[in-house]
Novice: 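Quick one: this structure, given as structure tokens, is what I'll be asking you about.
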Amino acid sequence: MTGSPTTPPGAVPALFERRVAPAEDLAEQAGAVADACHGMARRFHRGGKLVVFGNGGSGTDAQHVAVEFVHPVIVGKRALPAISLTADVATLTGVAGREGLDEIFAYQIEFLAEPQDIALGISPDGECRNVRRGLEAARDLGMLTVALTGGTGGTVAAIPGLDHVLIARSADPRVVKEVHVTTYHILWELVHVFFEQPGVLTPEVTP
């Protein structure tokens with residue numbers, strides 16, 4: 001069609017190519033992902049809930065994760081308790097105004113979370129200060145801590161004492177986003193796989 005944009009030769013293969021290494025790296029983290037899922041399933045089994053948080057686009061990811069656990073799109077899957085700390089605008093702005101933007105997640109965790117819960121913090125570049133503070137608060141409370149980061153992991157990946165750190169190794173924020181979406185859907189699915197295996201979450205197996 002006259003006037004329509006044209007795709008430069010080789011552009012489409014290049015777009016796919018830049019996703020190959022991060023996807024392969026995620027596959028290589030299969031053991032770490034499975035460990036995180038098992039830990040999450042154990043916490044759910046003991047009555048814990050999932051607390052998810054992130055900024056901007058990762059804030060909508062946090063809401064996406066929470067609703068999928070609470071209201072599974074696959075019929076027959078168990079609903080599990082989850083909340084997103086990005087969903088309440090009044091609380092976010094109120095805490096930010098009084099305590100500062102860096103404390104918006106840590107403050108909510110202090111009042112809404114319990115030691116048996118799970119904290120999932122999402123930071124595409126690993127440098128989100130409020131995600132870092134949220135994970136630190138969760139760690140100090142005794143929650144299971146899971147960080148999704150990108151690039152080289154940043155300061156979030158360097159937090160001492162986190163239980164699980166999963167990194168989307170790409171400098172392209174679009175690729176990081178795609179890997180994160182894939183990762184948290186895998187987390188959701190494997191948590192349910194553990195629930196469906198008799199004995200896997202019994203005290204004899206998971207003291």
Side-chain angles (χ1 to χ4, degrees), residues 33 36-72 78-151 153-168 173 176-177 180-181 183-188 191:
V33 172
C37 294
H38 189 238
M40 291 172 66
R42 289 171 61 183
R43 293 298 179 111
F44 280 125
H45 187 64
R46 295 171 180 173
K49 65 181 175 294
L50 176 63
V51 180
V52 201
F53 47 95
N55 293 291
S58 295
T60 61
D61 283 331
Q63 292 174 261
H64 185 166
V65 173
V67 73
E68 290 215 5
F69 274 93
V70 171
H71 188 262
R78 177 188 304 224
L80 295 167
I83 59 172
S84 166
L85 299 185
T86 65
D88 185 344
V89 175
T91 297
L92 281 177
T93 54
V95 175
R98 180 170 294 181
E99 308 293 333
L101 189 62
D102 288 356
E103 298 301 312
I104 58 174
F105 302 133
Y107 186 93
Q108 292 185 77
I109 284 169
E110 180 181 352
F111 291 99
L112 298 176
E114 301 290 341
Q116 70 267 22
D117 293 341
I118 307 151
L120 174 59
I122 308 172
S123 176
D125 62 358
E127 300 298 341
C128 301
R129 290 192 296 271
N130 49 22
V131 172
R132 186 172 74 239
R133 284 287 301 120
L135 286 166
E136 290 171 342
R139 174 203 61 196
D140 294 346
L141 186 60
M143 298 170 68
L144 182 78
T145 49
V146 183
L148 290 187
T149 72
T155 57
V156 167
I159 298 172
L162 293 187
D163 296 299
H164 306 282
V165 178
L166 305 173
I167 303 174
V176 170
K177 172 80 168 182
H180 280 177
V181 171
T183 303
Y184 63 67
H185 279 99
I186 293 171
L187 293 177
W188 177 88
V191 164

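None of the values given here were measured: they were computed from a predicted structure.
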Novice: Between Leu187 and Ala36, what is the shortest heavy-atom contact and its length?
Specialist: CD2-CB, 4.3 Å
Novice: Is there side-chain contact between Ile104 and Leu85, with at least one heavy-atom pair below 4.5 Å?
Specialist: no
Novice: Heavy atoms, side chains only, cut-off 4.5 Å: are Phe105 and Leu92 in contact?
Specialist: yes
Novice: What closest approach, in Å, do Cys128 and Asn55 show between heavy atoms, and which atom pair accounts for it?
Specialist: CB-ND2, 3.5 Å
Novice: Given the rule in the side-chain contact (heavy atoms from CB on, under 4.5 Å) test, do Ile122 and Val131 qualify, once you have shown the distances and angles that lead to the verdict?
Specialist: CA-CA 7 Å; Ile122 308 172; Val131 172; over 6 Å; no
Novice: Between Tyr107 and Phe111, which heavy-atom pair has the shortest distance, and what is it?
Specialist: O-CD1, 3.2 Å
Novice: How far apart are the closest heavy atoms of Pro81 and Gly48, and which atoms are they?
Specialist: CG-O, 3.5 Å
Novice: Do the side chain of Arg43 and the main chain of Pro115 share a donor and acceptor less than 3.5 angstrom apart?
Specialist: yes
Novice: Measuring from Glu127:CD to Thr155:OG1, what's the distance to the nearest 0.5 Å?
Specialist: 4.0 Å
Novice: Answer yes or no: is there an ion pair linking Arg139 with Asp163, defined by an N-O contact shorter than 4.0 Å?
Specialist: no
Novice: One pair to check against side-chain contact (heavy atoms from CB on, under 4.5 Å): Leu135 and Leu162. What are the steps and the verdict?
Specialist: CA-CA 8 Å; Leu135 286 166; Leu162 293 187; 4.1 Å; yes
Novice: Return the CD to OG1 distance between Gln108 and Thr91, rounded to the nearest 0.5 Å.
Specialist: 5.5 Å
Novice: Please report the closest heavy-atom contact between Thr86 and Phe53, naming both atoms and the distance.
Specialist: CG2-CA, 4.3 Å
Novice: For side-chain contact (heavy atoms from CB on, under 4.5 Å), just list the numbers for Asp125 and Ser123, CA-CA rounded to whole Å, side-chain angles, deciding distance to a tenth of an Å, and then say yes or no.
Specialist: CA-CA 6 Å; Asp125 62 358; Ser123 176; 3.6 Å; yes
Novice: With a 3.5 Å distance limit and no angle check, can you tell me whether Thr149 reaches the backbone of Gly126 through a side-chain donor-acceptor pair?
Specialist: no
Novice: Looking at His64 versus His185, is the centre-to-centre ring distance below 6.0 Å?
Specialist: yes
Novice: Verify salt bridge (Lys or Arg N to Asp or Glu O under 4.0 Å) between Arg132 and Asp102, making sure each step is shown before the conclusion.
Specialist: CA-CA 9 Å; Arg132 186 172 74 239; Asp102 288 356; over 6 Å; no
Novice: Out of curiosity, Ile118 CD1 to Lys49 NZ, how far, rounded to the nearest 0.5 Å?
Specialist: 10.0 Å
Novice: When rounded to the nearest 0.5 angstrom, what distance separates CD in Glu99 from CD in Glu110?
Specialist: 9.0 Å
Novice: Rounded at 0.5 Å granularity, tell me how far OG1 in Thr145 sits from CD in Glu136.
Specialist: 10.5 Å
Novice: From Asp117 CG over to Ile109 CD1, what is the distance, rounded to the nearest 0.5 angstrom?
Specialist: 9.5 Å
Novice: Just do the side-chain contact (heavy atoms from CB on, under 4.5 Å) check on Leu80 and Val70 with the steps written out, would you?
Specialist: CA-CA 5 Å; Leu80 295 167; Val70 171; over 6 Å; no
Novice: Are the side chains of Leu144 and His164 in touch, meaning some heavy atoms are under 4.5 Å apart?
Specialist: yes
Novice: Of the non-hydrogen atoms in Phe69 and Trp188, which two are nearest, and what is the gap between them?
Specialist: CZ-CA, 3.6 Å
